[in-house]
Amino acid sequence: MKILVTGFDPFNGESINPAIESVKRLPDTIAGAEIIKLEIPTVCHKSLRVIKEAITKYNPDIILSIGQAGGRPDITVERIGINIDDCRIPDNDGQQIIDEPIFPDGPAAYFSALPIKAIVAEIQKKNIPASVSNTAGTFVCNHVLYGVRHICETEFSGKRSGFIHIPFLPEQVINKKNMPSMSLDTIVKALTVAIKAIVEYKDDIKVTGGATH
């Protein structure tokens, strides 16, 4: 089995992005699966072109994308991506897409094709906070979650994909009062556990992961 793991470059004035930093530190093999690591630009549409090129080149079975969710306190495994770009800030190419579909011919949403609740449960077993997230936002993270699912559904049948958000690193919050963070070592451990769960769980577990609001 081959798993393509993507991480974004720094954006919004940050000098570092825990997404690509954690991806770079992943083992080359996890639970028998070959891990292919890919840095992608925090840019709408260009990010998907880079991922599509890698899918064509490496033919992975699974595509797992990692993104920074500054302000969230835990590892959040995304349930769903929606077909909209509504960028609160410009991406790294300076474009700020507002209220446009990612794929005009695509459905309103795609669910992750990964065992999201099993991933959360296995990370929690390692005493690392994790939860299911029901929104990936409307910036480039959601763009990639939805876009990769659409590419898989329309061009690479049978491939699975999903998305995990991670918190800021401690060094990113020195001047951000009361902002949660997580060490890079802990994030790497959590992602390693997550990938192991992806390999081992063919079907998700049925436990609550919902929210009241």
S47 and T42: side chain to side chain contact (heavy atoms under 4.5 Å, CB included), yes or no, with the steps?
CA-CA 7 Å; S47 53; T42 307; over 6 Å; no
Apply side chain to side chain contact (heavy atoms under 4.5 Å, CB included) to residues L191 and I66 and explain how you reach the verdict.
CA-CA 9 Å; L191 294 181; I66 311 301; 3.8 Å; yes
Could you walk me through whether S112 and E78 pass the side-chain hydrogen bond (donor to acceptor under 3.5 Å, both in side chains) test, one step at a time?
CA-CA 7 Å; S112 169; E78 298 297 341; over 6 Å; no
Run the side chain to side chain contact (heavy atoms under 4.5 Å, CB included) test on R25 and D185 for me, step by step, so that the C-alpha distance in whole Å, both residues' side-chain angles and the decisive distance to 0.1 Å come before the verdict.
CA-CA 9 Å; R25 288 185 52 178; D185 285 345; 2.5 Å; yes
Please assess I16 against Q172 for the test side chain to side chain contact (heavy atoms under 4.5 Å, CB included), listing each intermediate value before the final yes or no.
CA-CA 8 Å; I16 193 171; Q172 292 180 278; 3.7 Å; yes
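The side-chain contact (heavy atoms from CB on, under 4.5 Å) test applied to I98 returns D86, Q96, not counting sequence neighbours. Applying the ring-ring contact (aromatic ring centres under 6.0 Å, His included) test to F8 and every residue at least two apart in sequence or in another chain returns nothing. Residues meeting the ring-ring contact (aromatic ring centres under 6.0 Å, His included) test with H45, sequence neighbours left out: H143. In terms of the ring-ring contact (aromatic ring centres under 6.0 Å, His included) criterion, residue partners of F11 (sequence neighbours excluded) are, by chain and number, F139.
Checked for salt-bridge contact, E39 and K24 miss the test: no charged N lies under 4.0 Å from a carboxylate O. Under the 4.0 Å criterion applied to side-chain N and carboxylate O atoms, K176 and E14 are assigned as salt-bridge partners. Between K46 and D91, no side-chain nitrogen of the basic residue sits less than 4.0 Å from a carboxylate oxygen of the acidic one, so the salt-bridge criterion is not met.
Of all non-hydrogen atoms in P60 and A54, the two that sit nearest each other are CD-O, 4.3 Å. Smallest separation of non-hydrogen atoms from I164 and A194: CD1-CB, 3.8 Å. When every heavy atom of T186 is checked against every heavy atom of S183, the shortest pair comes out as OG1-OG, 2.8 Å. Minimum interatomic distance between I75 and A190 (heavy atoms only, all atoms of both residues): CG1-CB, 3.9 Å. Taking all atoms of both residues into account, the shortest heavy-atom contact from N12 to N92 is N-OD1, 4.3 Å. Here the closest non-hydrogen pair linking A197 and A118 is CB-O, 4.3 Å.
The residue from R149, E153, H150 that alone fulfils the side-chain hydrogen bond (donor to acceptor under 3.5 Å, both in side chains) condition with Y110 is H150. Checked against Y146 for a side-chain contact (heavy atoms from CB on, under 4.5 Å), the options L48, I84, N83 give a single hit: N83.
Inter-residue side-chain proximity for I36 and V5 is flagged as unmet; no heavy-atom pair is nearer than 4.5 Å. Side-chain contact between M182 and P18 is absent, with no heavy atoms from C-beta onward closer than 4.5 Å. Considering only heavy atoms from C-beta on, I205 stays 4.5 Å or farther from P115 through its side chain. Side chains of K117 and V132 form a contact here, defined as non-hydrogen atoms less than 4.5 Å apart. In this structure, L4 and I62 have side chains that are not in contact, with every pair of non-hydrogen atoms separated by 4.5 Å or more. Proximity of P10 to S15: side-chain heavy atoms (C-beta onward) are nowhere separated by under 4.5 Å. Within the 4.5 Å cutoff, the side chain of Q68 has no heavy atoms near those of the H165 side chain. Under the 4.5 Å side-chain criterion, counting only non-hydrogen atoms from C-beta, P180 is not in contact with F168.
Pairs engaging residues 46-98 under the ring pair (Phe, Tyr, Trp, His ring centres under 6.0 Å) rule: none recorded [sequence neighbours left out]. The stretch residues 191-207 participates, sequence neighbours left out, in these side-chain hydrogen bond (donor to acceptor under 3.5 Å, both in side chains) pairs: E122-Y201, K196-E200.
Cluster membership for V144 and I198, using ILVMFWY side-chain heavy atoms within less than 4.5 angstrom, is not shared. Note on I97 and V140: separate hydrophobic clusters, where clusters join Ile, Leu, Val, Met, Phe, Trp and Tyr whose side-chain heavy atoms are under 4.5 Å apart, directly or indirectly. Residues V148 and V77 are members of separate hydrophobic clusters, defined by side-chain heavy-atom contacts under 4.5 angstrom among Ile, Leu, Val, Met, Phe, Trp and Tyr. Taking hydrophobic clusters as Ile, Leu, Val, Met, Phe, Trp and Tyr residues chained together by side-chain heavy-atom distances below 4.5 Å, I30 shares a cluster with L64. At a threshold of 4.5 Å between side-chain heavy atoms, the hydrophobic network of Ile, Leu, Val, Met, Phe, Trp and Tyr places I80 and F103 in two separate groups.
Note that the CG atom of N134 and the CD1 atom of I116 stand 7.5 Å from one another [nearest 0.5 Å]. Separation of atoms CD1 (I63) and OG1 (T6) is listed at 9.0 Å; rounding is to 0.5 Å. The structure places CD1 of I55 at 5.5 Å from CZ of F156, a figure rounded to the nearest 0.5 Å. Separation of atoms CD1 (I35) and CD1 (I3) is listed at 4.5 Å; rounding is to 0.5 Å. The CD1 atom of I187 lies 11.0 Å from the CG atom of L26; values are rounded to the nearest 0.5 Å. Put simply, CD1 on I20 and CD1 on I40 are 8.5 Å apart, with the number rounded to the nearest 0.5 Å.
Looking at N17, its side chain does come within 3.5 Å of a backbone N or O of A19 through a donor-acceptor pair. A donor-acceptor pair under 3.5 Å is formed between the side chain of N142 and the backbone N or O of I82.
Side chains of R72 and S131: no donor on one and acceptor on the other come within 3.5 Å.
Heavy-atom contacts from other residues, nucleotides or ligands closer than 6.0 Å to NZ of K37 number more than 12. Within 6.0 Å of NZ on K2 lie more than 12 heavy atoms contributed by other residues, nucleotides or ligands.
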